[in-house]
Asks: 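Sharing a structure below in structure tokens format, with a few things to ask.
As the structure lists them, so they are numbered: ligands from 1, and atoms in each ligand from 1. Hydrogens, waters and symmetry mates play no part in the numbers below; they use all other heavy atoms, side chains included.
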Amino acid sequence: MPDTLSVSALDAFVTGLPKAELHLHIEGSLEPELMFALGQRNKVDLPFATVEAVRAAYAFSNLQDFLDIYYQGADVLREEEDFYDLAMAYVRRAAADTVRHTEIFFDPQTHTDRGIPYDVVIKGLLRAQADAKAMGLSVSIIHSFLRHLSEDAAFDSLKMAEPYIDKLLGVGLDSSEVGHPPEKFARVFARARDMGLKLTCHAGEEGPPEYVWQALDILKIDRIDHGNRALEDPKLVERVVKDGLTLTVCPLSNHKLCVVDDLKDHPIPRMLDLGLNATVNSDDPAYFGGYVNDNFLALTRRGLIGRDACLTLARNSITGSFLGDAEKAVLLAEIEAYPSAR
Ligand code: ADE
Ligand code: ZN
């Protein structure tokens with residue numbers, strides 16, 4: 001099959017391509033419709049009159065602009081059922097995008113700091129994980145620390161996770177990047193690794209290449225979230241390629257948060273050319289205008305990537321996941337069989 005498919009043939013190819021999603025904040029999948037429904041159910045007033053007004057407010061000039069509105073939106077999440085409904089809405093969208101496996105972040109401190117017990121949050125997510133499995137979609141859960149808070153606060157949060165440790169895949173580090181370098185969390189990441197958790201870290205989204213170096217050398221992470229600004233440092237690129245680390249890249253997010261000015265200049269093709277294990281992900285789909293397939297289509301429709309790069313990105317999503325070798329082999333075989341099965 002040629003690499004140069006028509007736009008509609010490439011759309012269809014992407015739409016049915018088996019894939020994994022490795023960078024998704026479950027709170028960022030809260031669509032305005034569900035936000036309103038949960039606001040009503042929990043008697044939480046929203047500072048918006050309509051769903052349209054909420055969507056109109058989603059114009060961001062940087063990460064912090066977005067985070068302010070994202071943390072406010074999460075306030076409607078109060079009960080176990082709310083977290084279940086939120087996660088199931090995402091699971092259904094992911095399944096529709098032929099996602100076979102997803103590794104989702106949640107931000108426990110956003111909830112526990114406003115008095116919602118850790119158990120309420122995790123139990124809702126675990127119920128959705130079980131229902132997703134019955135639908136043929138595997139969901140793993142990553143506990144993410146908020147980097148604008150202290151390392152002590154991250155330790156407290158990790159303590160709350162202890163009763164559920166065997167249910168968690170790993171820890172992550174998100175929220176306001178600049179001014180909160182990875183080294184601030186060196187001890188808590190070391191502790192998480194000792195507990196058997198995988199380590200990921202948002203780095204090089206807005207922060208400098210130095211933060212990516214720290215994530216590698218000090219936190220000793222297993223995967224880089226975003227990593228765009230690593231491209232500014234050839235030695236760093238060389239190191240990431242040598243270590244075979246996966247980058248979870250989020251094109252629509254990058255555009256909405258002004259990490260890239262124009263999607264036609266998105267660095268995914270360059271990353272692949274450099275030998276980086278880039279993947280395509282949606283980050284916060286309800287806020288950035290699309291789920292994982294929309295992120296692929298944002299690249300294919302601009303002519304940035306063709307069919308072969310889509311296959312590479314799908315393979316990278318499986319090899320860069322934290323699945324076991326046998327599970328990876330099954331999904332990789334499905335991807336290999338996909339072009340001829342169409
Ligand atoms: N939390 C949710 N989305 C995020 C992003 N893109 N960067 C940092 N923290 C986040
Ligand atoms: Zn993110």
Asks: Please state whether the rings of His202 and His226 are parallel, tilted or perpendicular, taking 30° and 60° as the class boundaries.
Replies: perpendicular
Asks: For ligand 1, what are the residues with a heavy-atom contact below 4.0 Å?
Replies: His25, Leu63, Phe66, Leu67, Tyr70, Asp174, Ser175, His202, Glu205, His226, Asp283, Asp284
Asks: Do His25 and Phe106 have ring centres separated by under 6.0 Å?
Replies: no
Asks: Salt bridge check: are Arg229 and Glu205 linked by an N-O gap of less than 4.0 Å?
Replies: no
Asks: Below 4.0 angstrom, N of the basic side chain to O of the carboxylate: do Glu162 and Arg191 qualify?
Replies: yes
Asks: Mind checking whether Tyr118 and Tyr164 have parallel, tilted or perpendicular rings, split at 30° and 60°?
Replies: tilted
Asks: Any idea how Phe189 and Phe145 line up, ring-wise: parallel (<30°), tilted (30 to 60°), or perpendicular (>60°)?
Replies: perpendicular
Asks: Listing by chain and number, which protein N, O or S atoms are under 2.8 Å from the Zn ion (ligand 2)?
Replies: His23 NE2, His25 NE2, His202 NE2, Asp283 OD1
Asks: Anything under 30° is parallel, anything over 60° is perpendicular, the rest tilted; go ahead and classify His180 against His148.
Replies: perpendicular
Asks: If the plane angle is over 60° it's perpendicular, under 30° parallel, otherwise tilted; pick one for His23 and Phe105.
Replies: perpendicular
Asks: Can a salt bridge be assigned to the pair Asp82 and Arg41 using a cut-off of 4.0 Å between side-chain N and carboxylate O?
Replies: yes
